[in-house]
> 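The structure that follows is given in the form of C-alpha cells.
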Protein chains: 4
Amino acid sequence: MSESSPPRHQRRKEARPAELAAAALSLFVEKGFAATRLDEVAARAGVSKGTLYLYFDSKEALFRAVIEGSVVPLVEQSEARIEALKHDPERLLRETLVNWWFNFGATELGGICKLMISEAGNFPEVAAYYNEAVIVRWMNLLGRVLELGMEQGVFRRLNVDILRQQVFFPLLMQSVWKNSLAGCCAPVALPDSYFDTYFDLVFRGLLAAPPLEPSR
Amino acid sequence: MSESSPPRHQRRKEARPAELAAAALSLFVEKGFAATRLDEVAARAGVSKGTLYLYFDSKEALFRAVIEGSVVPLVEQSEARIEALKHDPERLLRETLVNWWFNFGATELGGICKLMISEAGNFPEVAAYYNEAVIVRWMNLLGRVLELGMEQGVFRRLNVDILRQQVFFPLLMQSVWKNSLAGCCAPVALPDSYFDTYFDLVFRGLLAAPPLEPSR
Amino acid sequence: MSESSPPRHQRRKEARPAELAAAALSLFVEKGFAATRLDEVAARAGVSKGTLYLYFDSKEALFRAVIEGSVVPLVEQSEARIEALKHDPERLLRETLVNWWFNFGATELGGICKLMISEAGNFPEVAAYYNEAVIVRWMNLLGRVLELGMEQGVFRRLNVDILRQQVFFPLLMQSVWKNSLAGCCAPVALPDSYFDTYFDLVFRGLLAAPPLEPSR
Amino acid sequence: MSESSPPRHQRRKEARPAELAAAALSLFVEKGFAATRLDEVAARAGVSKGTLYLYFDSKEALFRAVIEGSVVPLVEQSEARIEALKHDPERLLRETLVNWWFNFGATELGGICKLMISEAGNFPEVAAYYNEAVIVRWMNLLGRVLELGMEQGVFRRLNVDILRQQVFFPLLMQSVWKNSLAGCCAPVALPDSYFDTYFDLVFRGLLAAPPLEPSR
DNA sequence: GATGAATGAGAATTCATTCAT
DNA sequence: CATGAATGAATTCTCATTCAT
C-alpha cells in the first residue's frame with residue numbers, strides 16, 4: 001500500500017508549486033514581473049492569494065522558482081545527445097537546434113527567455129544563476145558541437161563565439177518576439193519551409209564543402 | 001565662497017523634454033517601465049519630480065515620448081541610401097546593417113529594442129505605433145535590399161521574410177543582450193573581427209556566387 | 001495583562017461599508033469632499049486607509065455611496081403617510097414636516113443637504129441622481145399634500161411651487177445652517193416653541209379660514 | 001494735472017485685486033475652495049499664477065478677501081433705510097427683502113452665501129468674521145424691523161428669532177440653490193408672481209390685521 | 001511689476017504581505 | 001491547509017508657493 005499512488009488530494013498538494021509557477025510564468029511573460037499582481041497569479045491558478053505564501057516566501061521567490069524550475073533538464077538532454085551523434089556534426093547541430101525550438105523556444109517555456117531579458121536588471125542574482133545554469137551551458141554545448149565539426153573538417157574554422165550566436169540568435173529572437181510584439185501586432189512568420197531555408201543559410205555559411213548549388 | 005549653490009530654478013524649457021526622455025530611456029531599459037520610479041527619472045535628469053509633469057501628462061505619456069521620439073530618423077536615413085547604392089546590393093546590405101549597429105543598436109537608443117520587447121504587452125497601442133513606424137518600415141527596407149540583390153542575380157532567390165530575419169536577428173539580439181543580461185553577468189563578446197565573420201557567414205549563405213574559400 | 005491589544009484583523013465584511021460611509025459622511029459634511037483626506041475617514045472608522053479600497057473603488061465612489069445609501073427610505077415612508085391622512089391635510093402637512101425634521105434634518109443624515117449643496121458643482125451626475133431620487137420626489141410629495149388641502153378647500157389656492165418652498169425652506173435652511181456656520185460661530189436658535197411659531201405662521205398664511213387671533 | 005484720471009495702465013493696476021477676487025469668487029462658488037486651482041483663478045482673470053501672489057499672500061488670504069471685500073456695504077445701506085421708513089414697517093420689511101434679493105441674493109455676490117456655508121468648517125476665523133460683520137448685523141437688522149412693527153401694533157408679537165428666519169430663509173435658500181444644484185439639474189423656479197405670493201404668505205402670517213381675503 | 005518654470009509637501013491609490021479564522 | 005480581510009509602505013500625480021528672469 002505504501003507504494004501505491006497517493007490519493008487525489010495528496011497529488012494535488014504536491015503539484016501545487018508547479019501549477020502556481022506555471023500560472024506565474026505566463027503572467028510574468030505577458031506583463032513583466034513588476035506589473036503582474038499576485039492576485040492575478042492566484043486567480044489564474046484557482047487559489048487564493050494567501051495560498052501563494054504557503055509555497056513561496058515572496059514574489060521574488062516565486063520569480064526564482066519560475067526561472068529555476070524548468071530549464072535545466074532540456075540542456076542536460078541536449079548534452080547527452082552529443083556523445084551519440086559526435087560522428088555526424090551536421091546532423092547533431094541540426095537536431096540540437098530543432099530540438100531547442102520545438103521543446104523550448106516554441107513552447108510556454110520559451111517565455112522564460114523574454115522574461116529573463118526583461119528582468120535581468122532587476123534580479124542580478126537570478127540572472128547570474130540563469131546565466132550559469134542555462135546560458136553558459138547552452139552556449140558551451142553549441143560551441144562544442146561546432147568545434148566537433150571543425151575538428152572533423154566538416155565545418156569551416158571560424159570564431160566559435162561569433163558562430164554560435166549567428167546560428168542560435170535567429171531562433172532565440174523568434175522565441176522572444178513570439179512572446180512580446182507578436183502578441184499584439186507583428187505576428188511571427190514561420191512558414192513550413194522555415195527550417196529548410198534556415199539550415200540552407202546556416203550550413204552554406206558553415207560547411208567547408210557547401211552543397212552543390214542547383215541554380216548555378 | 002567661490003562655489004555658490006546651483007540656482008534652484010534653471011530655465012531650460014527647450015531642452016528639457018529631450019533630457020527627461022533620455023533619463024527615462026536609460027532607466028526604463030535598465031529596470032523596466034513598471035519598476036522605474038519617476039523620482040529616479042527626475043533625479044537622473046537633475047530636476048524635481050513635479051517638473052516631469054510640466055512636460056509629460058503621465059508616466060505612460062513619458063513612455064510614449066521615449067519610444068516615439070527618436071527612432072524614425074534612422075529608418076529614413078537608411079531608406080535614402082537605397083537609391084544611391086541600388087546598383088551594388090552587397091555593399092548596400094553591408095552598409096545598412098553596419099550603419100544600424102553603430103548608429104542605433106550599439107548606442108543608448110538601442111535600449112529601445114529591449115524596452116519595447118519588455119513592454120509591448122503592457123502598451124499595445126504604443127507597440128502598434130512602434131511596429132508601424134519602425135519595425136514594418138525597417139523590415140520592408142531590408143526586404144527591398146534583398147530583393148534588389150535577387151533581381152540583379154547577385155543574391156540567391158529565397159524566402160525574403162526568413163532571409164531578413166536570419167540576417168538581422170543576430171545583430172538585433174546582440175543589442176538586446178547588451179541591454180539586459182550583459183549588464184549583470186554575460187558580457188557580449190564582440191571582437192574586432194565580429195563583422196568580418198558575420199558578413200562572411202551572411203554572404204556565403206546569401207550570394208549566388210560565393211567568394212572563393214581561401215583557407216582550403 | 002487583562003487588556004490585550006485589539007486584534008489587527010477584525011473581520012466585519014457585512015458592517016464595514018455602512019461604518020465607512022458614516023465616517024465619511026460626517027467628515028465630508030464638516031470639511032467638504034476635497035478637503036477630507038481618506039486617512040481621516042479610515043481613522044475615524046478605525047481601519048487603515050487600504051481597507052477603504054476593499055469596499056469603495058475610489059474617493060468619488062465613496063461619495064456616491066454616502067449620498068445614495070441613506071435618503072430614499074425617508075421619502076418613501078412619508079409618501080406612504082399621504083394615503084392614511086389625506087382626509088386631514090393640515091395634520092398631514094404638519095406631520096410630514098415635523099417628521100422630516102426629527103428623522104432627517106436634525107440628525108446626522110441632515111448633513112447630506114449641506115454636502116450636496118457644496119458639492120453639486122463637482123459631481124453633476126451624483127447631483128442629478130440626488131435630484132431625481134430625493135429632491136424631485138420630496139418636493140412632489142409636498143406639492144401633493146398642498147394640492148390635497150386646496151382640493152378640499154382647506155388651503156388657499158396659490159402657486160404650489162412657491163408655496164412648498166416657502167413652507168419647506170425655513171426647515172431646510174435650519175438643517176444646512178446646523179451643519180455649517182452653527183459649528184463654529186452662530187448656533188442655531190431652536191427654542192421649544194419653535195414649531196408652535198413655525199406652524200402658526202405657516203398655517204396663518206396657508207389656511208383659507210385662519211385660526212382666531214387669541215392674542216389681540 | 002494732478003487731479004485728472006490716471007492713465008489706463010494705472011487704473012488697471014488699482015483694479016487688479018478686485019478683478020482677481022471676482023474671478024476667485026465665481027470659481028470658489030462653482031467648485032468649492034479646495035477644488036479651485038489658483039491656475040484657474042489666474043487664467044480667468046487673465047493674469048499669470050505668479051501675479052496672484054503680488055496681491056494676496058496665500059490662497060487663504062484670497063478667500064478672506066473674497067469674503068471680506070464685498071458684503072458689508074449692502075448691510076450698511078439697508079441699515080440706513082430703517083430710519084427713513086420706520087413709520088411704515090410693512091413697507092420697510094418689504095423693501096429690505098426685495099432689496100436684498102436684487103442687490104445681493106440674485107447677483108454674483110449671492111454666491112458668497114453658498115461659499116460661506118460650504119467652507120465655514122474649514123475657515124472658522126473667516127466664518128467668525130463673516131458672522132460678526134454680516135450675519136449678526138443682518139439678522140439684527142431684520143429683527144429691528146420686525147420689532148418696529150410690533151411696537152407699532154402692525155405686526156403680531158411673536159418670537160423675533162424665529163420670525164426673521166421664517167421670513168428670510170426662503171429667500172436665502174433660493175440664492176444658495178441657485179448657486180449649487182440649480183447649476184446642474186434643478187433650476188430655480190422664480191415666476192414673475194414670486195414676490196406677490198411670497199409677501200402674501202409672509203404678511204398674512206405676520207400682520208395683526210391681515211388683508212381681506214378676496215376669495216372668501 | 002509680471003511671468004511661468006521649478007519645486008516639494010501632500011493626497012489618492014496600489015498591492016505585496018500578514019494573520020485570524 | 002486554505003482563505004481573504006486587513007494592513008501600510010511605496011508610488012503616481014497635484015498644486016500652492018517660490019523665485020530667476
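Chain letters run A, B, ... following the sequence lines, proteins first, then strands; residues in each count from 1. Both backbone and side-chain heavy atoms feed into the values below; hydrogens, waters and symmetry mates do not.
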> When you match C:L52 and B:D57 each to their closest nucleotide on DNA chain F, which lands nearer the 5' end?
C:L52

> Starting at the 5' end of DNA chain E, which residue's closest nucleotide do you reach first, B:G50 or C:G50?
B:G50

> Of the listed nucleotides (F:dC13, F:dT7, E:dA16), which one gets closest to any side-chain atom of B:S58?
F:dC13

> Taking for each residue the nucleotide of DNA chain E with the nearest heavy atom, is it A:F33 or C:K59 whose nucleotide lies nearer the 5' end?
C:K59

> With heavy atoms under 4.0 Å as the rule, sort C:L38 into base, sugar-phosphate or nothing.
sugar-phosphate

> Where is the tightest heavy-atom contact between D:L27 and D:T36, given as atom of each residue plus distance?
O-OG1, 3.2 Å

> Among the candidates E:dG8, F:dA6, F:dT3, find the nucleotide nearest to the side-chain atoms of A:V47.
F:dT3

> Measure the distance from CD on C:E19 to C1' on F:dA5 and round it to the nearest whole Å.
13 Å

> Angle class for the B:F28/B:F63 ring planes (parallel below 30°, perpendicular above 60°, tilted otherwise)?
tilted

> Select one nucleotide: of F:dT12, F:dT17, E:dG1, the one nearest the side-chain heavy atoms of B:Y53.
F:dT12

> Would you call B:F33 and B:N122 a side-chain contact if the rule is heavy atoms closer than 4.5 Å?
no

> Can you confirm whether C:V66 sits close enough to C:L115 that some side-chain heavy atom of one is under 4.5 Å from a side-chain heavy atom of the other?
yes

> With the side chain counted from C-beta on, respond yes when B:Y130 and B:I112 share a heavy-atom pair under 4.5 Å apart, and no when they do not.
yes

> OP1 or OP2 of E:dG1 versus the side-chain N and O atoms of D:R16: is any pair under 4.0 Å?
no

> Which nucleotide in the list F:dT7, E:dT3, E:dT13 gets nearest to the side chain of C:T51?
F:dT7

> I need the CG-P distance between B:L20 and E:dA5, as an integer number of Å.
13 Å

> Taking donor-acceptor contacts at under 3.5 Å, does the side chain of B:K49 reach the base of E:dG10?
yes

> Tell me whether the OP1 or OP2 atom of F:dA5 has a side-chain N or O from C:Y55 closer than 4.0 Å.
no

> Report the distance from atom CG of B:D39 to atom P of F:dT12, rounded to the nearest whole Å.
7 Å

> How close or far is atom C1' of F:dT11 from atom CD of B:E60, stated in whole angstroms?
16 Å

> Rounded to the nearest Å, what distance is computed from the CD atom of residue B:E40 to the P atom of nucleotide F:dA10?
13 Å

> Tell me yes or no: between the side chains of C:S26 and C:R44, is some donor less than 3.5 Å from an acceptor?
yes

> Quick check: on DNA chain F, is the nucleotide nearest C:L54 upstream (toward 5') of the one nearest B:R37, or the reverse? Name the residue that is more 5'.
C:L54

> Considering all heavy atoms of both residues, which atom of A:S58 and which atom of A:Y53 are nearest to each other, and what is their separation?
CA-CE2, 4.1 Å

> Could you state the atom-to-atom distance from CG of B:L62 to C1' of F:dC13 in whole Å?
13 Å

> As an exercise, state the distance from CG of A:D39 to OG of A:S48, rounded to the nearest 0.5 Å.
10.0 Å

> Work out how much the helix from E:dA2-F:dT21 to E:dT21-F:dA2 bends between its end axes, five pairs an end, to the nearest 10 degrees.
0°

